[in-house]
Amino acid sequence: QQNRSHSVAILGAPFSKGQKRRGVEHGPKAIRDAGLVERLSNFDYPVHDFGDLTFKHLEKDEHFMRVPFPRTVGRANQLLSGAVSSAVGAGHTCIMLGGDHSLAIGSVEGHAQQCPDLCLIWVDAHADINTPLTSPSGNLHGQSVAFLLKDLQNKMPEVPGFSWIKPFLSARDLVYIGLRDVDPGEHIILKTLGIQYFSMRDIDRMGIQRVMEVTLDHLLARKQRPIHLSFDIDAFDPSLAPATGTPVNGGLTYREGIYVTEEIHNTGLLSVMDVVEVNPTLGATPEAVEATSSLAVDVIASALGQTREGAHVAFPKIPEPKE
Ligand SMILES: N[C@@H](CSCCS(N)(=O)=O)C(=O)O
Ligand SMILES: [Mn+2]
Ligand SMILES: [Mn+2]
């Protein structure tokens, strides 16, 4: 089912107001500086880098309950939604470079405008499914999924700046991979809504191959449909991705993360991928920043078809010396 378009759009979203640390707005630059465009130019399809969106910081933007910058985050996501919708509508597979994970609100919503039957794979140490009432921090990057789910709407207050979004996703269309730091309020939501998740313990027990088999069967067995992959770099072990805002020990190995993206590529259904929470100001050394940023490039390349076994198209057969 290789029916996904074979042109790639890169969208930079330099945004940080879904959380309180500075620096994650420099994520898109760090990932580009790690060679993203060059790496993707090895592929046999066009890559369009649409540059970075420009987000306005709204002056009057009081807290809503304990949620900081609600209107700024809401407006940023409304803008991102339009950009992702246009990119997907133009036939591109879209790579959204964050920025913090609150950007998934706009990215997934914009994708759903074009592909209402999309399914969502959330690769993350965290569930990001707090509501403003359950959130321990108030940070919207830990609440993104709650704004998308139809099943949670009776638990969501009207947050200023988010009146433009109508929740569209069903709990059965979402799978988590990599969870290892879930708040009590999030755990109640996961269990009550019966959301399919694979924590790091599940990965230890089942192995990543079985996790991907069950994930893709859960989401695609009934019907093949576009995949939205929302990849938080903190899903990886902090030894591999140290330059991020909420590191949690015991994360994905390099090989597990690459296996996840290889399997998603092999469905032929990847339509939008977010890569978020790379914060180049949080690396202890330049090497730590480089390691985190180039890891982001690796997972994007893998999701778009780079294989570990190699590939060949130029030589249909082994070239022979001329007599
Ligand atoms: N669950 C915590 C941490 S959320 C971490 C957000 S992210 N995008 O995964 O880094 C909260 O809600 O504040
Ligand atoms: Mn996240
Ligand atoms: Mn996370």
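Atoms within each ligand, like the ligands themselves, are counted from 1 in listed order.
- Residue H126: an N/O/S atom is found under 2.8 Å from the Mn ion (ligand 3).
- Where the criterion is an N or O separation shorter than 3.5 Å, residue side chain and backbone included, D183 meets it with respect to ligand 1.
- Of all atoms in ligand 1, listed by their number and element, those nearer than 4.0 Å to a heavy atom of D128 are 5 (C), 6 (C), 7 (S), 8 (N), 9 (O).
- At a heavy-atom distance under 4.0 Å, only side-chain atoms of H126, from C-beta outward, approach ligand 1.
- For atom 10 (O) of ligand 1, the closest non-hydrogen atom of the protein is T246 OG1, 2.9 Å.
- Atom CG of D151 and atom CG of L193 lie 4.5 Å apart (nearest 0.5 Å).
- Vertex the Mn ion (ligand 2); arms to H101 atom ND1 and D128 atom OD2; angle 90° (nearest 10°).
- At a heavy-atom cutoff of 4.0 Å, ligand 1 is contacted by no atom of T244, backbone or side chain.
- I129 pairs in a side-chain contact (heavy atoms from CB on, under 4.5 Å) with only one of the listed residues (V182, L148, L152), which is L152.
- Inclusion of S135 in the set of residues having an N or O under 3.5 Å from an N or O of ligand 1 is not warranted.
- For the pair E263 and T215, the minimum side-chain heavy-atom distance is 4.5 Å or more.
- A heavy-atom distance below 4.5 Å is found between the side chains of H92 and F50.
- Atom CD1 of I10 sits about 4.0 Å away from atom CG of L36, to the nearest 0.5 Å.
- For the residue pair S230 and D274, the shortest heavy atom distance occurs at OG-OD2, 2.7 Å.
- The backbone N or O of A34 sits nowhere less than 3.5 Å from a side-chain atom of S293 that would complete a donor-acceptor pair.
- Annotation: the span from M273 atom CE to S302 atom OG amounts to 8.0 Å, rounded to 0.5 Å.
- Rounding to the nearest 10°, we obtain 90° for the angle at the Mn ion (ligand 3) between D234 OD2 and D232 OD2.
- Considering R255, R39, R308 as possible partners of D298, the one that fulfils the salt bridge (charged side-chain N to carboxylate O under 4.0 Å, His left out) test is R39.
- The nearest heavy-atom contact from the protein to atom 7 (S) of ligand 1 is D232 OD2, 3.3 Å.
- In the vicinity of H101, heavy-atom distances shorter than 4.0 Å reach the ligand 1 atoms 8 (N).
- Residue-to-ligand polar distances keep N139 apart from ligand 1: every N/O pair is separated by 3.5 Å or more.
- As for D124, its N/O/S atom nearest the Mn ion (ligand 2) is the one called OD2.
- Under a 3.5 Å cut-off, the side chain of R225 and the backbone N or O of L219 do form a donor-acceptor pair.
- In this structure, the separation between SG on C115 and NE2 on H228 is 10.5 Å, given to the nearest 0.5 Å.
- Neither the backbone nor the side chain of D181 comes within contact range of ligand 1; no heavy atom lies under 4.0 Å.
- H111 and S85 share no donor-acceptor pair across their side chains, judged by distance under 3.5 Å alone.
- For atom 12 (O) of ligand 1, the nearest protein heavy atom (residue, atom name, distance) is N130 ND2, 3.0 Å.
- For atom 4 (S) of ligand 1, the closest non-hydrogen atom on the protein side is G142 CA, 3.7 Å.
- Residue D181: no N/O/S atom is found under 2.8 Å from the Mn ion (ligand 3).
- What sits closest to atom 13 (O) of ligand 1 on the protein, heavy atoms only, is S137 OG, 2.6 Å.
- Listed by number with element, the atoms of ligand 1 under 4.0 Å from a non-hydrogen atom of D124 are 9 (O).
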